[in-house]
Amino acid sequence: MKLVIQGKNFQVTDDVLKYAEKRLSTVEKFFDNIQELNTIISKERGNIKVEVTLSASGTVIRGESRTPDVFSSIDDVVDKLKRQIKKYKERFVERRREAAKEKKFERTVEVEEEEPRIVKVKRFILKPMDEEEAIMQMELLGHNFFVFLNSRTDKFNVIYKRTDGNYGLIEPEE
């Protein structure tokens, strides 16, 4: 596991570094094949913000915490990551059970007509997955949409959360 700890408007001392390494290494017990734990510690408006992004076998789990104390923030974000991992594992098992029953996912297409402007660019590796796994990834990241490579159609799809609590799927037509 590669552990990256960076400071942004915050000086990462040896004590903080050792504490973060010790606490973040405990996450390895809960999730196999962690490739990278990227940690950013920053100071914002008197609080210490700790952001951790865990990458493991095509799965991304993110946690964030803000408290006045750096050690409390680290403890809090580790607890959040552990809860996210537990949630992911439970959904993974549930998804496998549902796949065995061959339940179908209801598809809905909804397109908003707005002039978009690019304010940020993100790059990531696309792993083929089905709609249920894409929903799981979207929720683990805390986003409202998720772009993925559909393993059944080998085409790019977008899954998004609708205001009524359901999900929508955007897929290209041939």
Side-chain angles (χ1 to χ4, degrees), residues 1-4 6 8 24 27-40 42 44 49-66 76-174:
M1 171 178 80
K2 179 180 174 188
L3 179 61
V4 178
Q6 301 171 337
K8 183 178 176 185
L24 290 168
V27 173
E28 238 180 341
K29 297 175 190 171
F30 295 92
F31 204 66
D32 297 330
N33 301 327
I34 296 176
Q35 293 148 346
E36 184 176 55
L37 267 172
N38 191 3
T39 307
I40 300 173
S42 59
E44 293 180 352
K49 176 179 167 185
V50 177
E51 299 172 82
V52 178
T53 305
L54 178 150
S55 301
S57 304
T59 302
V60 177
I61 298 175
R62 187 177 172 281
E64 180 179 309
S65 176
R66 286 183 180 92
D76 191 34
V77 80
V78 168
D79 291 341
K80 286 180 180 181
L81 284 174
K82 288 177 182 177
R83 283 193 302 272
Q84 288 277 34
I85 290 168
K86 182 179 177 186
K87 185 177 175 182
Y88 172 77
K89 285 184 174 182
E90 287 172 356
R91 287 186 178 174
F92 188 75
V93 169
E94 182 181 319
R95 194 180 114 246
R96 294 290 179 193
R97 286 184 191 145
E98 286 180 10
K101 294 177 185 177
E102 296 184 3
K103 288 187 176 179
K104 299 291 180 181
F105 181 78
E106 185 179 321
R107 297 176 182 183
T108 310
V109 177
E110 186 176 293
V111 180
E112 290 185 22
E113 305 264 343
E114 278 188 27
E115 288 293 323
R117 60 185 182 124
I118 299 171
V119 294
K120 186 174 184 176
V121 175
K122 284 191 174 186
R123 298 181 194 281
F124 55 95
I125 297 172
L126 287 175
K127 173 186 140 187
M129 61 181 74
D130 59 18
E131 292 94 352
E132 290 82 15
E133 188 173 351
I135 289 170
M136 193 176 356
Q137 286 288 317
M138 176 182 71
E139 288 182 356
L140 287 171
L141 290 169
H143 292 170
N144 294 326
F145 70 94
F146 188 76
V147 178
F148 67 102
L149 181 61
N150 193 321
S151 60
R152 285 188 262 166
T153 62
D154 285 332
K155 296 192 183 228
F156 293 104
N157 288 182
V158 177
I159 195 103
Y160 62 96
K161 190 161 194 154
R162 295 172 43 98
T163 55
D164 63 4
N166 292 314
Y167 300 98
L169 177 71
I170 300 174
E171 58 184 3
E173 278 190 287
E174 291 185 25

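Position 1 is the first residue of the sequence, and the numbers go up from there.
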Audit row: V4, L37, side-chain contact (heavy atoms from CB on, under 4.5 Å) steps and yes/no: CA-CA 6 Å; V4 178; L37 267 172; over 6 Å; no

Residues E131, N150; criterion side-chain hydrogen bond (donor to acceptor under 3.5 Å, both in side chains); working and verdict: CA-CA 7 Å; E131 292 94 352; N150 193 321; 3.3 Å; yes

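Note that OG of S55 and CD1 of I34 are 9.5 Å apart. Values are rounded to the nearest 0.5 Å. The structure places CD1 of I135 at 12.0 Å from CG of L140, a figure rounded to the nearest 0.5 Å. Between atom CG of residue L3 and atom CD of residue E28 there is a gap of 9.5 Å, rounded to the nearest 0.5 Å. Note that CD of E132 and CD1 of I159 are 8.0 Å apart. Values are rounded to the nearest 0.5 Å. Rounded to the nearest 0.5 Å, atoms CG (N157) and CE (M129) are 11.0 Å apart. In this structure, CD1 on I61 lies 6.5 Å from CD on Q84, to the nearest 0.5 angstrom.
For the pair F146 and Q137, the tightest heavy-atom approach, listed with the atom from each and the gap, is CZ-CB, 3.7 Å. Of all the heavy atoms in F156 and L149, the pair that sits closest is N-CD1, 4.2 Å. Nearest heavy-atom pair, G63 versus L81, reported as atom, atom and distance to 0.1 Å: N-CD2, 3.9 Å. The shortest non-hydrogen separation linking L169 to F148 is CD1-CZ, 3.9 Å. Across every non-hydrogen atom of L126 and V147, the tightest pair is CD2-O, 3.8 Å.
Using a 4.5 Å cut-off on side-chain heavy atoms (C-beta onward), D130 and R152 make contact. Side-chain contact check for K49 versus S42: some heavy-atom pair is nearer than 4.5 Å. Within the 4.5 Å cutoff, side-chain heavy atoms of V158 are placed close to those of F145. Y160 places a side-chain heavy atom less than 4.5 Å from the side chain of R162. Side-chain contact between R66 and E44: present, with at least one pair of heavy atoms (C-beta onward) separated by less than 4.5 Å. Proximity of R62 to L54: side-chain heavy atoms (C-beta onward) are nowhere separated by under 4.5 Å. Looking at heavy atoms from C-beta onward, I40 lies out of side-chain contact with V50 at the 4.5 angstrom threshold.
Looking at T53, V52, V77 one by one, the single match for side chain to side chain contact (heavy atoms under 4.5 Å, CB included) with T39 turns out to be V52.
Using a cut-off of 4.0 Å between Lys/Arg side-chain N and Asp/Glu carboxylate O, D76 and K80 are scored as salt-bridged.
R91 meets the side chain to side chain donor-acceptor pair (under 3.5 Å) test with E139; sequence neighbours excluded. With sequence neighbours excluded, the residues satisfying salt bridge (Lys or Arg N to Asp or Glu O under 4.0 Å) with K127 are E133.
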